[in-house]
Protein chains: 2
Amino acid sequence: MGVGRITIEDVAAAAGVSRQTVTRAMNGMPEISARTRELVLRTAAELGYRPSRFASNLAARRKSRSVGLVLGSLRNPYYTELAAELLDVVAPRGWHVLMASREQGDDVELVAALSGQADAIVGYFTGDETALVTAARGVPLIQVERAATVPGLHAVVLDFDAAIEALLGELRDRGARRFGLIESGGPPGEEGAGAYRPTRRRRAYERFADSDSAGRVVVADESIRGGADGLARLRAAHPGVDTVLVFNDLMAMGAMQQAQLDGVAVPGDLRVVGVDGLSLGAVMTPPLSTLSIDRRAVATEAADIVGTLLDRAEPPPHPPVVRTVTPRPLWRESA
Amino acid sequence: MGVGRITIEDVAAAAGVSRQTVTRAMNGMPEISARTRELVLRTAAELGYRPSRFASNLAARRKSRSVGLVLGSLRNPYYTELAAELLDVVAPRGWHVLMASREQGDDVELVAALSGQADAIVGYFTGDETALVTAARGVPLIQVERAATVPGLHAVVLDFDAAIEALLGELRDRGARRFGLIESGGPPGEEGAGAYRPTRRRRAYERFADSDSAGRVVVADESIRGGADGLARLRAAHPGVDTVLVFNDLMAMGAMQQAQLDGVAVPGDLRVVGVDGLSLGAVMTPPLSTLSIDRRAVATEAADIVGTLLDRAEPPPHPPVVRTVTPRPLWRESA
DNA sequence: TTGAAAGCGCTAACAG
DNA sequence: CTGTTAGCGCTTTCAA
């Protein structure tokens with residue numbers, strides 16, 4: 001690296017052999033005598049030779065594929081379980097996964113950084129679509145949750161409208177009457193950016209809840225603490241709420257903790273429902289009911305879009321490819 | 001791409017300009033007229049030109065660094081929080097992180113696959129050290145938890161001897177007398193491999209517990225269910241146990257759940273202590289006491305080793321560089 | 001503002 | 001078994 005990188009040429013010269021012989025030794029190829037191989041390996045080690053992965057990938061015309069993955073956070077199991085699923089899905093195809101998290105920086109910057117290393121980028125984006133596509137420099141972007149409207153951008157949409165309508169219906173069947181929502185105000189620490197915009201989950205809630213319930217919304221930090229805090233504020237402002245829908249499971253866990261602290265029985269006094277379907281929710285007391293997002297399906301669809309796009313003969317940017325996954329209620333005991 | 005990849009040359013020909021002009025347009029360089037740039041960009045899009053990241057990295061002599069990260073599982077927050085910390089630590093230096101999980105395959109295979117893409121690989125390895133170093137083909141390996149004994153391998157060691165000795169002492173001060181251990185038998189699904197080997201945590205436990213306690217060990221699946229199952233078996237075999245140390249927090253959560261099912265009060269009837277220090281433990285009822293591993297410190301040390309090694313002028317393989325992190329008890333309420 | 005030449009470091013294909 | 005010859009696809013000089 002930098003000045004005077006040790007190249008295959010240096011090793012060849014030092015060992016008194018040809019470049020090709022060095023290649024054969026380094027890559028454990030067969031057509032070489034044990035002695036020569038050992039000699040080469042030793043001198044390579046002595047010189048500190050480290051092959052350039054760029055040169056070797058280029059020369060070998062390998063088309064090792066790697067997909068970038070931009071997550072909202074690595075501290076929320078929802079995202080990491082999605083990563084786990086994506087890894088499971090792409091590993092058999094021999095693809096690599098490059099991780100990035102929005103905690104590290106801006107959407108667009110991350111995409112720009114990854115675009116030089118990845119053949120496609122899937123992720124949770126919040127930035128401007130055009131800016132994202134520009135930053136991607138031709139690398140296809142697969143956006144999860146949000147729809148895609150510009151060429152070069154594709155999507156695995158989560159249909160929260162259908163899901164939340166169904167959920168509220170089932171909750172009413174179970175006796176729920178006065179709903180409230182704890183909405184996410186974005187990742188912790190990002191407050192003050194003043195950039196709060198209603199999420200699709202909130203919009204779906206407001207659309208399908210009765211009009212009184214639609215007004216009972218508090219915005220809180222997207223974290224366990226935020227959920228606890230949110231519940232405290234929701235109950236203070238709207239004492240009569242009997243059912244609370246929480247932006248995600250992590251926040252719902254905080255809300256449950258807060259309920260316990262306040263002596264509110266769940267689900268007796270208050271039903272709590274999260275969103276995500278984390279397996280950890282089953283360990284709560286009581287186990288958390290949730291609107292479960294099938295992460296395996298999301299990963300499969302995303303990988304499938306990537307595969308389709310990369311194998312396509314026609315020139316990109318391709319018109320948006322969109323798949324839909326609909327979250328489903330997972331009834332445990334908190335509601 | 002397979003046959004007939006579209007290269008910069010094709011674009012140049014189609015646009016009637018030189019390769020260099022295409023480069024300038026694609027990379028947003030200044031020395032080009034707006035018209036030409038637009039023309040080039042358009043024909044590039046029409047042809048579906050996608051630059052080869054290998055060629056461009058090679059030619060530009062970029063030394064974009066990427067570190068591979070091999071985790072035990074992406075479904076255990078311990079590992080993903082470690083990943084989060086590592087990302088935080090390396091992102092400012094502009095390094096990328098390539099993820100892999102042992103759930104996808106063998107240690108050695110993963111290292112072999114990553115070695116062509118990463119400049120260093122840090123991870124939780126269980127395979128044979130020599131085999132790992134061979135698979136790494138000169139790429140430095142930084143092993144977490146286990147010590148490193150062969151050149152090319154380095155380590156961030158977790159000092160469980162010191163940690164568990166201290167932990168048991170503090171537990172005795174709190175009145176604990178009859179200890180038991182729920183040990184990991186490895187990742188779920190891997191049973192039958194018959195490859196169980198006592199972990200360093202178990203060995204430390206057996207060394208520092210009284211001899212009766214040292215015998216009270218059950219081996220269970222490394223999962224929430226495994227922890228639940230382990231506690232059931234431990235209590236059946238050794239009814240008098242008043243304190244149980246669990247291999248990790250995830251398993252400890254399962255154990256707590258089982259205790260609740262069985263009507264065993266925690267910590268009144270049974271103290272439960274996990275290992276890892278997951279923040280999620282704080283949401284349990286009661287909050288989980290644990291032997292906390294400072295993941296930020298592990299990530300920092302690992303990144304530091306990587307930085308040192310890659311900037312070193314002397315030839316690798318370097319003699320092992322070893323740093324140590326000592327876990328510390330984090331008292332919440334379960335013990 | 002544009003183009004021509006000269007590699008980047010490595011491996012495939014072919015000889016010997 | 002080993003060496004030679006051509007590139008891989010792009011970016012950097014340096015001229016024009």
Side-chain angles (χ1 to χ4, degrees), chain A residues 1-41 43-44 47-65 115-119 137-139, chain B residues 1-41 43-44 47-65 115-119 137-139:
Chain A
M1 327 287 304
V3 190
R5 164 174 192 137
I6 293 141
T7 76
I8 196 173
E9 197 94 43
D10 302 322
V11 179
V17 298
S18 74
R19 280 181 340 205
Q20 179 54 8
T21 300
V22 176
T23 291
R24 285 195 268 252
M26 294 301 293
N27 297 356
M29 300 165 115
E31 306 133 312
I32 188 178
S33 75
R35 296 192 33 180
T36 316
R37 156 173 303 137
E38 203 178 322
L39 166 67
V40 171
L41 255 28
T43 62
L47 292 181
Y49 168 59
R50 224 172 292 144
S52 152
R53 60 173 204 273
F54 297 126
S56 90
N57 280 297
L58 176 60
R61 278 170 236 173
R62 264 174 233 140
K63 42 177 203 169
S64 140
R65 282 183 175 169
S115 66
Q117 300 280 313
D119 302 295
R137 297 238 214 105
V139 173
Chain B
M1 321 287 297
V3 191
R5 165 174 193 136
I6 292 143
T7 75
I8 195 172
E9 198 94 42
D10 302 322
V11 180
V17 299
S18 73
R19 281 182 336 204
Q20 177 50 13
T21 301
V22 178
T23 291
R24 286 195 268 253
M26 294 300 293
N27 298 355
M29 300 166 115
E31 304 132 313
I32 187 178
S33 73
R35 296 190 36 179
T36 315
R37 155 171 306 136
E38 204 178 322
L39 166 67
V40 171
L41 256 27
T43 61
L47 292 180
Y49 169 59
R50 224 170 291 144
S52 151
R53 59 174 203 273
F54 298 127
S56 87
N57 280 297
L58 177 59
R61 278 171 233 170
R62 263 174 234 141
K63 41 179 203 169
S64 138
R65 283 184 174 168
S115 65
Q117 300 282 314
D119 301 296
R137 299 238 214 103
V139 173

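Just so you know, these numbers use all the heavy atoms, side chains as well, and skip hydrogens, waters and symmetry mates. Lettering follows sequence order; numbering is per chain, from 1.
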Student: To the nearest 0.5 Å, tell me how far A/Ser52 OG sits from B/Arg61 CZ.
Tutor: 11.5 Å

Student: Please confirm whether the shortest side-chain N or O distance from B/Ser33 to OP1 or OP2 of C/dT2 is below 4.0 Å.
Tutor: yes

Student: Out of the candidates A/Val22, A/Ile32, A/Thr21, only one should pair with A/Arg37 under the side-chain contact (heavy atoms from CB on, under 4.5 Å) rule; please name it.
Tutor: A/Ile32

Student: Taking CZ from B/Phe54 and P from D/dG9, how many angstroms apart are they, rounded to a whole number?
Tutor: 12 Å

Student: Among C/dC10, C/dA12, C/dT2, which nucleotide sits nearest the side chain of A/Met29?
Tutor: C/dA12

Student: Ignoring the backbone of A/Ala55, work out which of C/dT2, C/dG9, D/dG9 is nearest its side chain.
Tutor: C/dG9

Student: If I take atom CG in residue B/Asn27 and atom P in nucleotide D/dG9, what distance separates them, rounded to the nearest angstrom?
Tutor: 17 Å

Student: Mind calculating the distance between CG (A/Leu39) and P (D/dC1) to the nearest angstrom?
Tutor: 16 Å

Student: Would you jot down, in residue-number order, the residues of residues 15-26 of chain B having a non-hydrogen atom under 4.0 Å from DNA chain D?
Tutor: B/Arg19, B/Gln20, B/Thr23

Student: Quick one: pull up OG in B/Ser115 and CZ in A/Arg50 and give me the separation to the nearest 0.5 Å.
Tutor: 12.5 Å

Student: To the nearest Å, give me how far apart CD1 (A/Ile6) and C1' (C/dC10) are.
Tutor: 16 Å

Student: Where the side chain of A/Leu58 is concerned, which of C/dT11, D/dG9, C/dT1 is the nearest nucleotide?
Tutor: D/dG9

Student: Would you say B/Asn57 places a side-chain N or O within less than 4.0 Å of OP1 or OP2 belonging to D/dC10?
Tutor: no

Student: How many angstroms lie between atom CG of A/Asp10 and atom OG1 of A/Thr43, to the nearest 0.5 angstrom?
Tutor: 10.5 Å

Student: Should A/Asn57 and B/Gln117 count as side-chain neighbours, where that means a heavy-atom distance under 4.5 Å?
Tutor: yes

Student: Would you say the side chain of A/Leu41 lies within less than 4.5 Å of the side chain of A/Met26, judging by non-hydrogen atoms?
Tutor: yes

Student: Output the rounded distance in Å from CD (A/Glu31) to P (C/dA13).
Tutor: 11 Å

Student: Roughly how many Å is it from CZ in A/Arg50 to C1' in C/dG9, rounded to a whole number?
Tutor: 15 Å

Student: From CD of A/Glu9 over to P of D/dT5, roughly how many Å is that when rounded to an integer?
Tutor: 13 Å

Student: Establish, with yes or no, whether the OP1 or OP2 oxygen of C/dT2 is under 4.0 angstrom from a side-chain nitrogen or oxygen of B/Thr36.
Tutor: yes

Student: When you measure from the side chain of A/Ile8, which nucleotide among D/dC8, C/dC10, D/dT2 comes out closest?
Tutor: C/dC10

Student: Taking the side chain as every heavy atom from C-beta outward, state whether A/Arg53 and B/Asp119 have any pair of such atoms under 4.5 Å apart.
Tutor: yes

